[in-house]
Amino acid sequence: MSIATTAIPSQRLPTRKKSMRFDDRRQLFLLALALPAVVYIAAVAIWPLVQGIGYSFFDYNLLRRGGAKTFVGLDNYVQVLTDKTGQRALINTFVFTIGAVFFEFILGLGLAMLLWRDGRFNRICLAFLLIPVTITPLVVGLIFRALLAVDYGYIGYYLAEWGITSPRGLLAGTTTALPTLIFVDIWEWTPLVALILLAGLKALPGDILEAAFADGATSWQRFRLVILPLLLPTVFLALVLRMMDAFRVFDSIFVTTGGGPGDSTTSLMVYGVKQGLQFFNIGYAAAIANISILCIALMAAAFTLLIRRADVKANEQ
Amino acid sequence: MSTMTTTATLPRIAASARRVTALQKRIRIERTALVLIIAVYMIPVLWLVATAYKPPKDMFSSPPSFLFEPTLHNFRRVFEVFDVWSLLQSSIIISLGSAVLSLLLGVPAGYALARARSRYAIWVAYLFLAIRTVPIIATLLPFYLMMRDIGLLGTWWAVILINTTLNCAFVTWMMFSYFRSLPRDMEEAALTDGCTLFGAFYRVALPTVVPGIIASALFCVMFSWNDFLVAMFLTNSDSKPLSVALLAAFGTKDITWGTLGALAHFSTVPIMLMALFLNRYFVQGLTKGVH
């Protein structure tokens, strides 16, 4: 024992000195590995974002001759928030996000509970349910537009025929178009919510669940008092992920209604793309984009706080 | 004590037997519910498939016809109207190009961020995560002007470069979480055995995260393949991918739903098959990439 303790320092001393230098070398190596990605993101993502913030303070339209920029301060932002279409887009985006995510969560939770039992059967079911997630949102929009067509669509024809909807169909009505698009979003993304919640359910501590079973609690009590509180961090995570995605909704709206009828389905992204890439109103579109970034950031911050709190609570239990 | 157990055992067995049959009944109910849900759920997908094989005379019949003789007419028509091979080529080049570039940038970065001692590393990782949530319109406008200025507008490169920002951010975050859950011991052991730093990364750490790399690649390909907004504004008629052609064909009078459905086959079936065959990695990507 004593031999060993005396032997080790004498052997270690030189290597330790070397390992100091080695550690520096290692950190440099890691820096070199990270650098290309960091530089790339800085140049191709962050720099355009900074430019976008700059543009948003200017009246800048590419179609205007000479492409002159005039500084207008916060005018673009004020205009988006007071403009009728701008307000409509903001309201639509929030209604869409909250409506879609609410139902996706309720249905997704139910689906996750159904799929919870481990087994081949459930895994195959999950694989099928995830098919909509893989389909291009473009094609999803196309499918539903065809299905809901009043003259030849499998759903639209009968809905109109039986007098459930107006003869012009769901997507042509100013009050029905947005709920229909929410429904399409629910169809496409509920399985993803279910999958995230399922991963959370499978990670729950088994002993607590068994104790709850042994207590003779009813399944509703078990769910409400044991499972849900433990699952809360995952629930918030699923909610914030879907909310951030739903807030950026563009593809399915663009393909099915193009934001219409009127501006009844115009979302912030649809409005921004129209202003920026069709009318080349760069300053105005940049303001729209920045407003949506701000909203997304606020949602993310709020939910991060909620997740932290829920994590602490779940750990206390 | 012994008498108590003997009297108590019988009802307990009966109770547990009752519980087993109750469980079996429950599983049966759950499975029936799942099958029903999937059946309803698949209607839109089945419609897409069915439409592509519908003869033109049944296409616009009102009320819609449910029975028809399947035909390949729509697929022949697709090849007449569209240059399918060129569209496929563009889609493949854009998605593979972006996937390769994203992996080359993102995998080493994810490793570095997971292993770095710096306390800024985690913040850089969060930054990458945040980049993924930015609406594409915010970067697309300035990027469009940038590409116009350097003359890349209308090329595959423009699309690959902008898709790579989101994909690279995704890969970095995903690989960061994979490498972080990997114990350092093996790399340390390799290093004391005289392995180089690069060797410890390339030959020791990398092979253990192959599932993560497959999942990342799958998601990069899926993202670029499915996008049309970026491609619509950055490509021209020579470099446009399938998704843009699909959108352009949509709403044109002489193109029927059947032709569109057949074209949509090309843009959905490859990804669908990939997701089904690589289901394990697909599921991993969906759950792990978000945490």
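Protein chains get the first letters and strands the later ones, always in sequence-line order, with residue 1 at the start of each. Basis for what follows: all heavy atoms, side chains included, without hydrogens, waters or symmetry-related copies. These numbers come from a predicted model, not from an experiment.
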Given that the side chain runs from C-beta out, which part of [X] has a heavy atom under 4.5 Å from chain B: side chain, backbone, both or neither?
{"X": "Phe29(A)", "result": "side chain"}
{"X": "Leu111(A)", "result": "side chain"}
{"X": "Val39(A)", "result": "neither"}
{"X": "Ile135(A)", "result": "both"}
{"X": "Arg117(A)", "result": "side chain"}
{"X": "Leu142(A)", "result": "both"}
{"X": "Leu195(A)", "result": "both"}

Looking at [options], which has the largest count of heavy-atom pairs under 4.5 Å with chain A?
{"options": "Asp227(B), Val107(B), Ile29(B), Thr139(B)", "result": "Thr139(B)"}
{"options": "Leu145(B), Val124(B), Leu276(B), Thr172(B)", "result": "Leu145(B)"}
{"options": "Ile131(B), Thr165(B), Leu197(B)", "result": "Leu197(B)"}

Exercise. Return the orientation label for the Phe201(B) and Phe198(B) ring planes: parallel under 30°, perpendicular over 60°, tilted otherwise.
Key: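 Ring orientation, 0 to 90° scale: perpendicular.
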Which atoms of [X] approach chain A - backbone, side chain, both or neither, heavy atom under 4.5 Å:
{"X": "Tyr41(B)", "value": "both"}
{"X": "Arg26(B)", "value": "side chain"}
{"X": "Leu127(B)", "value": "side chain"}

Quiz item: Based on non-hydrogen pairs under 4.5 Å, which of Pro191(A), Pro137(A), Gly200(A), Ala286(A) is most in contact with chain B?
Solution: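 Maximum pair count with chain B is reached by Pro191(A).
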Quiz item: Using a cut-off of under 4.5 Å for heavy-atom pairs, which of Ala43(A), Cys125(A), Gly119(A), Ala300(A) has the most such pairs with chain B?
Solution: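 Among Ala43(A), Cys125(A), Gly119(A), Ala300(A), the one with the most close pairs to chain B is Cys125(A).
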Exercise. Kindly write out the residues that satisfy ring-ring contact (aromatic ring centres under 6.0 Å, His included) with Phe282(B), not counting sequence neighbours, or none if the list is empty.
Key: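 Listed in chain order: Phe219(B).
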Quiz prompt | Any donor-acceptor N or O pair under 3.5 Å, side chains Tyr271(A), Tyr284(A) | solution =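 Side chains of Tyr271(A) and Tyr284(A): pair found under 3.5 Å.
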Quiz item: Are Phe280(A) and Tyr144(B) near enough that their ring centres are under 6.0 Å apart?
Solution: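 Under 6.0 Å, so yes.
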Quiz item: What about Tyr120(B) and Trp123(B), are their ring centers closer than 6.0 Å?
Solution: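 Centroid separation for Tyr120(B) and Trp123(B): 6.0 Å or greater.
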Practice problem: List for me each residue that meets side-chain contact (heavy atoms from CB on, under 4.5 Å) alongside Val269(B), sequence neighbours excluded, and say none if there are none. | Solution: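 For Val269(B) the side-chain contact (heavy atoms from CB on, under 4.5 Å) partners, ignoring immediate neighbours, are His265(B), Leu273(B).
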Quiz prompt | Contact check, side chains of Val133(A) and Leu130(A), non-hydrogen atoms, under 4.5 Å | solution =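 Contact flag for Val133(A)/Leu130(A) side chains = yes.
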Self-check item: Heavy-atom side-chain contact between Leu241(A) and Asp245(A) under 4.5 Å
Solution: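 Of all side-chain heavy-atom pairs linking Asp245(A) with Leu241(A), none is under 4.5 Å.
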Exercise. State whether Phe179(B) and Arg115(B) meet the cation-pi test: NZ (Lys) or CZ (Arg) under 6.0 Å from the six-membered ring centroid, and within 45° of the perpendicular axis.
Key: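 Relative to the ring axis of Phe179(B), which defines the angle, Arg115(B) lies outside at least one limit.
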